[in-house]
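So the structure is just underneath, and the comments pick up after that.
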There are 2 protein chains.
Amino acid sequence: MCQNAFVPRYVDKDERRRQVAGALHRIAAREGLEKVSIRTVAAEAGLSVGAVQRDFGTKDELLHFALRQMLANVAKRISEVRIGPGRLSFAEGLRRVLTELLPTDDDRLAEARVWSAFYARAAVDDRFADVLAELDAHSREALRAAVGWAVETGELAPGQDPDALVELLLVLVDGVWLSAVRQPSGTPLDAPRAAVEAAITALTVARRDDRAADARG
Amino acid sequence: MCQNAFVPRYVDKDERRRQVAGALHRIAAREGLEKVSIRTVAAEAGLSVGAVQRDFGTKDELLHFALRQMLANVAKRISEVRIGPGRLSFAEGLRRVLTELLPTDDDRLAEARVWSAFYARAAVDDRFADVLAELDAHSREALRAAVGWAVETGELAPGQDPDALVELLLVLVDGVWLSAVRQPSGTPLDAPRAAVEAAITALTVARRDDRAADARG
DNA sequence: CTCCTTTCAATACGGTCGTATCGATACGAA
DNA sequence: TTCGTATCGATACGACCGTATTGAAAGGAG
């Protein structure tokens, strides 16, 4: 009779919500978000329709949870990159952050395909756009940390505006992963990987003054 | 009995195919590609379901025609920008090309929303990816023409690699319009417009050597 | 004029969708 | 043990989907 202390929880609810979200990610990466339905997700997760319904109630809630799950995954990955004194150098830290953000391997390419589907949703649904704004904020913060550390160590030319550089890097990240996503399947991931290295090279070139002139022309 | 000379064409078929595609574009920009169906498109175009069916046969054909129509529109717009001797200067030509490619007004933002939906499709369907590759080629050609003319007139620093610059601009274009698309509706379009001007400024700065140093910091 | 083909709206059909409902079952509380 | 509740798979329902079909209307060809 205790109001809600009675919880015969046979399974870990959050864990299964995450598993269902994973099933959704696999379907979306393989066939697109329009093939995602309660039924297809339930089948992919090895559950019944009713089970998914009980965990999420409505399809909209399922989609939002899956999106937030992706956001959490990326945010965790890039927040674990530790740049600073005694940690990673600017070049290596930036490389790690960009590698996490860009489709540098097949898993991340699959993830990028799902992102592209959610971007299309965000274009017509502000609720999704708000979540993507959070992703933007996380990426900006990680890049700001990397660039800020470069300023401290003098790895960046002193007159360079760090904020503008961060914004440029954000645009580059978006442009590069979008280019990778639109390639026909099977295209090797050389372009995103090369873009990472090109960005590192361009931004760490200020270390040696004689190479600064080369960078400009 | 003439095999097919008997054509009592009451309406211009191609014209109406374009009108139907326009209806699809409006729905996709407003509610997303998943709300596009034979029925909704027919209603938006003021036609019956049967009419749309006769013009396109299958929904897949309708989608591909609508995508190719968007491609043709953009290709026409950017190919009309004439850069060269007696025509537009590098700065002005680049400004025009970038203005056409980026969501610099509400119409182009609506178009960008539809592009984002087709990008998501291209991520899981090579047939759409192939069309987007054509868009890529058109953009690359237009930017190559602009940069090439800048090299001829010396508006670009001579050591700068034109091809690399074109690729950089392409990535910037993708990143900027994707950023604009994910903003909540009602967000002003200052960012894409500022990006156009920033690119112009950064690339035409080489005209005056004293400003080259400022650009680098 | 009469035919013949194209156009057209309307409707039918089979399928999938999101969601609601329902009996059976499993397990903690008493 | 018995009871009450949370979980479960299965199924029902109405809506919308893509597509096929059908019969009426329309306008050049003879």
Side-chain angles (χ1 to χ4, degrees), chain A residues 1-21 23-24 27-28 30-67 117 120-121 124-125 127-128, chain B residues 1-21 23-24 27-28 30-67 117 120-121 124-125 127-128:
Chain A
M1 272 301 288
C2 329
Q3 303 199 10
N4 58 359
F6 181 70
V7 270
R9 183 176 299 173
Y10 317 134
V11 297
D12 183 347
K13 211 153 183 180
D14 278 351
E15 171 57 24
R16 214 184 46 185
R17 277 167 72 97
R18 258 175 271 123
Q19 285 183 1
V20 174
L24 188 151
I27 295 176
R30 197 195 314 134
E31 308 172 71
L33 213 46
E34 68 270 355
K35 296 286 184 181
V36 165
S37 73
I38 304 281
R39 281 168 238 261
T40 58
V41 170
E44 173 82 23
L47 299 172
S48 69
V49 173
V52 175
Q53 273 188 290
R54 216 172 327 96
D55 285 344
F56 291 98
T58 181
K59 185 189 179 183
D60 231 55
E61 193 180 326
L62 168 58
L63 280 174
H64 276 91
F65 181 86
L67 175 55
R121 285 249 162 166
V124 292
D125 187 335
R127 293 235 297 143
F128 290 91
Chain B
M1 275 304 286
C2 328
Q3 304 199 8
N4 57 0
F6 182 68
V7 271
R9 181 177 300 174
Y10 316 134
V11 296
D12 183 347
K13 210 153 181 178
D14 278 352
E15 171 58 23
R16 214 182 48 183
R17 278 167 70 97
R18 259 176 270 123
Q19 285 183 2
V20 173
L24 187 150
I27 296 177
R30 196 194 314 136
E31 309 173 68
L33 212 47
E34 68 269 355
K35 296 286 183 179
V36 165
S37 73
I38 305 280
R39 283 168 237 259
T40 58
V41 170
E44 174 81 22
L47 299 173
S48 68
V49 173
V52 176
Q53 272 188 292
R54 212 170 336 95
D55 286 344
F56 291 99
T58 180
K59 184 190 178 182
D60 231 55
E61 194 180 326
L62 168 59
L63 280 174
H64 275 91
F65 180 86
L67 175 55
R121 286 249 163 168
V124 292
D125 187 335
R127 293 235 297 143
F128 290 91

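Convention: sequence-line order gives letters A, B, ...; per-chain numbering from 1. The figures that follow rest on heavy atoms only: side chains count, while hydrogens, waters and symmetry mates do not.
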For this session: Send over the distance from Leu62(A) CG to dC17(C) P, rounded to a whole Å.
Result: 13 Å
For this session: Give a yes/no answer on whether the side chain of Ser37(A) brings an N or O atom under 4.0 Å of OP1 or OP2 in dC17(C).
Result: yes
Seminar exercise, completed: Glu61(A) CD to dT19(C) C1', in whole Å, measures 14 Å
Exercise. dT7(C) C1' sits how many Å from Arg54(B) CZ, rounded?
Worked result: 5 Å
Exercise. Any side-chain heavy atom of Val20(A) within less than 4.5 Å of one from Arg17(A)?
Worked result: no
Seminar exercise, completed: Here the distance between atom P of dC16(D) and atom NZ of Lys35(B), to the nearest Å, is 10 Å
Seminar exercise, completed: Closest non-hydrogen contact found for Ala28(A) with Val124(B) is O-CG1, 3.9 Å
For this session: Hey, which sits more toward the 5' end of DNA chain D by its nearest nucleotide, Asp55(A) or Thr58(B)?
Result: Asp55(A)
Seminar exercise, completed: When rounded to whole Å, the CZ to C1' distance for the pair Arg16(B) and dT6(C) reads 12 Å
For this session: Please determine which of Arg16(A), Gln19(A), Lys13(A) meets the side-chain hydrogen bond (donor to acceptor under 3.5 Å, both in side chains) test together with Asp55(A).
Result: Arg16(A)
Problem set entry | Whole-Å distance separating the CG atom of Leu47(A) from the P atom of dA10(D) | 12 Å
Exercise. dG18(C), dT19(D), dT7(D): which one has an atom nearest the side-chain heavy atoms of Lys59(A)?
Worked result: dG18(C)
For this session: Tell me which of Gln53(A) and Val49(B) sits closer to the 5' end of DNA chain C, going by the nucleotide each one is nearest to.
Result: Val49(B)
Exercise. Can you tell which of dT19(D), dC8(C), dC17(C) lies closest to the side chain of Thr40(A)?
Worked result: dC17(C)
Seminar exercise, completed: Atom NZ of Lys13(B) and atom C1' of dT6(C) are separated, to the nearest Å, by 9 Å
Problem set entry | Rounded interatomic separation in angstrom, taking CZ from Arg17(A) and P from dT7(D) | 13 Å
For this session: For Ala51(A) and for Arg39(A), locate the closest nucleotide of DNA chain D by heavy-atom distance; then report the residue assigned to the nucleotide nearer the 5' terminus.
Result: Ala51(A)
For this session: Mind checking the CZ-CG spacing from Phe65(A) to Leu24(A)? Nearest 0.5 Å is all I need.
Result: 10.5 Å
For this session: Return no unless some side-chain N or O of Ser48(B) is found under 4.0 Å from OP1 or OP2 of dC8(C).
Result: no
Exercise. How long is the gap from CZ on Arg121(B) to CD on Glu34(A), to the nearest 0.5 Å?
Worked result: 4.0 Å
